[in-house]
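One structure below.
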Amino acid sequence: MNLLINFVTDESSWFGRTAKLIQERFKSHNKNFESDLETEQQYKERWRSIYIIYFTMFLISLGFSIIVTGVWPYLDKLDPTAGKEFMGYIVAANPFGQMLFSPLVGWWSNRLGSIRIPLLASLALFTTTSIIYSSLELFDEHRKHWMLWTRFLVGVSSANIAACRSYLSAATRVSERTKAVSMISLAQVLGFIVGPAIQAAVVPLGDDGFWLIPHKLKLNMYTASGWINVIFSLFNMYLFLPHVFKEHKIAGREAMLKQGKNNEKDTWKQHRPNYFATWTLIVAFFVIVFNFMLLETLGTPLTMDQFAWSKADSLKYMGILMSVGAVLAIITFASISPLCKKFSEVKVMIWGGFLFMVLGRAIYIPFNNDPPIMYDSELKLNMTLICDKVLYNRPNNEYDFNLNETIWNLNKNSLDEVAVKNLTFNCGEDLLGCPSSQEWCSFTPAITLTQFIIGYFLTAFGYPIGVTLIQTIFSKLLGPRPQGVWMGLMTGSGCLSRVMGPVFVTHIYEEFGTVWTFGLTAVMMVLCLLWLLYFNKTLIPVEIILEPEGQELKEIHLVRVPLSEKVEDD
């Protein structure tokens, strides 16, 4: 154990260097203090508020991702007749609520001139709906619909992401913006990636777990994730109380000082954003989040189908894989700032973000393999419903049984639970592989585990770079103006992709299989990559500087001049 501790803390080790790099990233802010814009106390309070925003962004993403790997087995347990397509609606319900309310919350925070009340209200809703999600067993009917509504309301609560991004833009100077946006993107991506890891950590609770309310409500590997959200959310609400969170906006004051204006509105008029470039980035954000959602949504059902993993195995192994992905994401975020010092942010976004995402989608297209292991989906459903009827007395009137009468007439008085599970293949859980209802499983080559891991790691490298630099460039294009509504549109774009993504990929995947699913998404990424390459110069933000003599403002594009050219003086 001592050797392990020394290895982790030793600066010469990989973990030591990574930890030191993150520590230096946080410490580096102290070097940027400027007394002409704020006092030292205001500086400290400003950065404390930014750290709270980081944690809030982490929690918002965690609230979505912590249930993504578990939602399919949890839904299948609550209602075996729901199916993968309805699972897609449940996953999409969260971003749909976020998409509808993000512009509204952004406008609300702009109107109030503060984000405290919108954030506290949204976190209260998040806490309430997370409690309901973990208590779905208390409902005797329409459980899948209750799950759908809870995820929608969690999405409504997470609309505060627009206010968070807007505040970050207002609370950072231009020189701090890239690092701050990279850190908020890191918090967001870590929330997406760490969520499944936390879900995997509670797998030892098992499917049965233990009773919170005897014979009514259990704490198990599915409901634990919702209670974890509740604990984090209550802590987050405390952080937004007035004695902890103090709002300090500096971007407007910096622009006023640089441009010699008397009020912030005049600085907005001086800088008009390139609307073609901003909408291009909004579309690019939609595409990259759409493709990331492919893995978030399909990860668990895909591995269960392709590798014949059980529910518990899929949750555990996906959690491990995503934990490794989280480490890779940290390394990737740490590399963004050094890369952007050597190359333009636009080029790093294209070649470091979108190219890796293209490769990550293309490698998932299967070839030259045998089809996956299959099972009889009708038999599995029958076995599951028998257990629900015999062991838990949960009749399902929506399904017409056609079973052997001897098995159907089983009851607890004639056989114990172990005997019933033995007769029903452990309530259908022992029937593993690709379901016979997905006809393509019988002839489509299976994805190999190596393909899956490599594709995921390529995504873990490309996605953080892409989303970070899209948001960074977008914020710089908008300039010092209040960005609540615009950030709401950016958030809405990501939400729309997370609405369409789960519904699209689950439908395409269930009906047509892996070749069509990953082929279409790869083509989408290629087209977006080519578009960004063609218009890359348009995406470069305009820098506003003062002329040395007349103090008049001039907008210039920084261009490279070949060394062989001679520049004549006027």
Side-chain angles (χ1 to χ4, degrees), residues 51-72 74 90-95 97-98 102 119-120 122-134 147 150-165 168 183-203 205 221-240 289 292-293 295-297 299-300 315 318-330 333 460 463-464 467-468 491 494-495 498 502:
Y51 296 147
I52 293 173
I53 293 297
Y54 292 163
F55 179 77
T56 304
M57 291 291 287
F58 170 81
L59 177 64
I60 294 169
S61 299
L62 184 73
F64 172 78
S65 69
I66 197 171
I67 65 97
V68 168
T69 55
V71 67
W72 169 240
Y74 187 30
I90 289 175
V91 175
N94 179 296
Q98 190 181 47
S102 286
L119 265 294
L120 286 173
S122 62
L123 289 171
L125 179 61
F126 180 85
T127 303
T128 304
T129 50
S130 295
I131 291 173
I132 297 174
Y133 177 83
S134 293
M147 182 183 283
T150 58
R151 297 312 300 165
F152 173 79
L153 291 175
V154 167
V156 173
S157 70
S158 62
N160 57 24
I161 193 172
C164 289
R165 285 176 175 159
L168 186 78
M183 290 302 294
I184 204 172
S185 299
L186 171 61
Q188 189 175 9
V189 172
L190 284 180
F192 278 125
I193 297 175
V194 171
I198 295 177
Q199 173 69 82
V202 298
V203 166
L205 289 173
M221 64 181 181
Y222 308 125
T223 61
S225 57
W227 294 116
I228 291 171
N229 276 340
V230 171
I231 294 171
F232 278 140
S233 182
L234 290 173
F235 175 68
N236 203 175
M237 290 179 70
Y238 168 77
L239 293 178
F240 277 102
V289 175
F292 181 74
M293 278 306 305
L295 285 184
E296 288 282 322
T297 305
T300 302
L315 290 179
M318 282 298 296
I320 293 172
L321 181 64
M322 290 186 171
S323 298
V324 176
V327 175
L328 295 179
I330 292 173
F333 277 108
Y463 180 75
V467 295
T468 298
T491 302
C495 294
R498 292 195 286 128

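For the single chain, residues carry numbers from 1 onward in sequence order. All of these numbers come straight from a predicted model, not from anything done at the bench.
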All ring-ring contact (aromatic ring centres under 6.0 Å, His included) counterparts of Tyr463, not counting sequence neighbours: Phe292
Side chain to side chain contact (heavy atoms under 4.5 Å, CB included) against Thr129, all qualifying residues, sequence neighbours excluded: Leu125, Leu153, Val154
Spatial distance of atom CG (Leu59) from atom CG (Asn236) [nearest 0.5 Å]: 5.0 Å
Got a sec, which residues hit ring-ring contact (aromatic ring centres under 6.0 Å, His included) with Phe58, two or more places apart in sequence or on another chain? none
Say you draw a straight line from CG of Leu239 to CD1 of Ile52; how long is it, rounded to the nearest 0.5 Å? 5.0 Å
Do you know which two heavy atoms are closest between Leu120 and Met237, and how far apart they sit? CD2-O, 3.5 Å
Measure the shortest side-chain to side-chain distance between Leu205 and Tyr222 over non-hydrogen atoms and say whether it is less than 4.5 angstrom. no
Is the backbone N or O of Ser134 less than 3.5 Å from a side-chain atom of Thr223, with the two atoms forming a donor-acceptor pair by type? no
For Ile53 against Phe240, the heavy-atom pair lying closest together: CD1-CZ, 4.2 Å
Start with the C-alpha gap between Ile228 and Ser130, add the side-chain angles, then the distance that decides, and say whether side-chain contact (heavy atoms from CB on, under 4.5 Å) holds. CA-CA 9 Å; Ile228 291 171; Ser130 295; over 6 Å; no
Quick one: are Asn160 and Phe126 in side-chain contact, heavy atoms under 4.5 Å? no
Which residues share a side-chain hydrogen bond (donor to acceptor under 3.5 Å, both in side chains) with Thr150, sequence neighbours left out: none
Those residues at least two apart in sequence (or on a different chain) that pass side chain to side chain contact (heavy atoms under 4.5 Å, CB included) with Ile320 are Lys316, Tyr317
Just to verify, what does Ser225 make a side chain to side chain contact (heavy atoms under 4.5 Å, CB included) with, not counting sequence neighbours? Ile66, Ile67, Tyr133, Gln199
Would you confirm whether Ser158, through its side chain, and Ile60, through its main-chain N or O, come within 3.5 Å as a donor-acceptor pair? no
Does any part of the side chain of Thr127, heavy atoms only, come nearer than 4.5 Å to the side chain of Ser157, both counted from C-beta? no
